[in-house]
2 protein chains.
Amino acid sequence: MIKETSSNASNRKFLRSACRITGALEILSGRWKALTLIHISEGKNRFSLLKQVLPTVSDQVLGRLLRELEADGLIGKTIIPEVPVRVDYSLTDKGAAVLPILEELAEWYDKR
Amino acid sequence: MIKETSSNASNRKFLRSACRITGALEILSGRWKALTLIHISEGKNRFSLLKQVLPTVSDQVLGRLLRELEADGLIGKTIIPEVPVRVDYSLTDKGAAVLPILEELAEWYDKR
DNA sequence: TGAGAGTTACTCACAAAAAAATGAGTGGTA
DNA sequence: TACCACTCATTTTTTTGTGAGTAACTCTCA
């Protein structure tokens with residue numbers, strides 16, 4: 001009998017069709033994503049403010065992180081043409097809606 | 001000013017102390033973990049049964065997956081000395097408790 | 001009686017792929 | 001010169017998948 005192919009990419013495809021939770025976990029499980037969402041919800045809504053609260057994250061990593069969160073529809077950005085330019089980030093409805101679920105996960109994890 | 005070191009390992013450490021959700025996401029975000037928990041909860045509670053429902057997952061990956069879920073306290077195993085040997089897996093209380101939260105995540109994700 | 005094939009449930013070492021981090025540099029001010 | 005908010009290419013680290021093999025036992029065929 002011929003062994004099914006199971007490359008990384010085809011496994012991912014299978015998983016997406018087999019499991020409803022996959023999509024959610026894929027966009028939340030990047031290393032800094034949950035923490036960044038929380039910080040933005042607490043008013044750390046600019047690149048430089050996030051740098052302060054995430055001191056071990058480099059500029060480059062922070063930039064990519066914000067791009068990904070935006071691409072996944074969790075945050076939005078507003079460019080304010082001040083001098084120097086200012087960019088504000090904010091949670092979208094979708095981003096805000098996931099925070100209580102993340103809190104439940106944290107409580108689940110803490111218990112015992 | 002001295003730049004904080006930000007190696008992979010030290011970032012992980014920082015993250016664990018800074019963010020309560022990190023631990024939960026770390027143990028849930030392995031590729032096959034959520035789906036495997038669901039299958040076990042639905043009675044696919046043996047190595048060979050899981051192989052049937054996860055046809056693209058190799059024996060080796062499945063073995064490692066089960067070891068990790070067990071190490072993280074999400075599943076337990078019972079060895080039954082039949083012939084040939086039989087091993088039953090089951091969700092722990094902790095494993096069972098996370099399923100409703102995963103369902104919420106799936107609903108959140110589905111909503112556009 | 002015994003050789004070989006088959007079963008379940010794995011493990012180890014290694015390779016490939018993906019995720020995360022780093023080095024260097026950009027554009028538009030003041 | 002300095003600040004803010006980035007981007008690109010490359011390296012390092014982690015995660016995921018593969019190839020080969022194990023233990024203990026039963027079953028079949030000669």
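Keep in mind the model is a prediction, meaning the values are calculated, not measured. In what follows, every chain begins at residue 1, and chains take the letters A, B, ... in the order their sequences are listed.
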Problem set entry | OP1 or OP2 of D:dT13 under 4.0 Å from side-chain N/O of A:Arg31 | no
Exercise. Any side-chain N or O of B:Asn11 under 4.0 Å from OP1/OP2 of C:dA21?
Worked result: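 B:Asn11 to C:dA21 OP1/OP2: side-chain N or O found under 4.0 Å.
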Specify the separation, in whole Å, of atom [atom1] of [X] and atom [atom2] of [N].
{"X": "B:Lys51", "N": "C:dA9", "atom1": "NZ", "atom2": "C1'", "result": "9 Å"}
{"X": "B:Gln60", "N": "D:dG19", "atom1": "CD", "atom2": "P", "result": "9 Å"}
{"X": "A:Glu68", "N": "D:dT7", "atom1": "CD", "atom2": "P", "result": "11 Å"}
{"X": "B:Arg86", "N": "C:dC10", "atom1": "CZ", "atom2": "C1'", "result": "17 Å"}
{"X": "A:Asp88", "N": "D:dA5", "atom1": "CG", "atom2": "C1'", "result": "12 Å"}
{"X": "A:Glu26", "N": "D:dT16", "atom1": "CD", "atom2": "P", "result": "11 Å"}

Seminar exercise, completed: Of the listed C:dT11, D:dG17, D:dT13, the closest approach to the B:Arg67 side chain comes from C:dT11
Exercise. Under 3.5 Å, is there a donor-acceptor pair between the side chain of B:Thr92 and the main chain of B:Leu74?
Worked result: yes
Exercise. Donor-acceptor pair, B:Trp108 side chain versus A:Lys94 backbone, under 3.5 Å?
Worked result: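 Yes; judged by distance alone, with no hydrogens or angles, the pair exists.
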Hey, does [X] reach any base, or is it just sugar-phosphate, or nothing, if we go heavy atoms under 4.0 Å?
{"X": "A:Lys77", "value": "sugar-phosphate"}
{"X": "A:Val61", "value": "base"}
{"X": "A:Arg64", "value": "base"}

Exercise. Are A:Asp110 and B:Arg20 ion-paired here, with the side-chain N under 4.0 Å from a carboxylate O?
Worked result: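 Result for this pair is yes, salt bridge flagged.
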For this session: Taking only Lys NZ, Arg NE, NH1 and NH2, and the carboxylate oxygens of Asp or Glu, determine whether A:Lys51 and A:Asp59 approach each other closer than 4.0 Å.
Result: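 A salt bridge links A:Lys51 with A:Asp59.
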Problem set entry | A:Asp59 or A:Arg12, whichever maps to the more 5' nucleotide of DNA chain D | A:Asp59
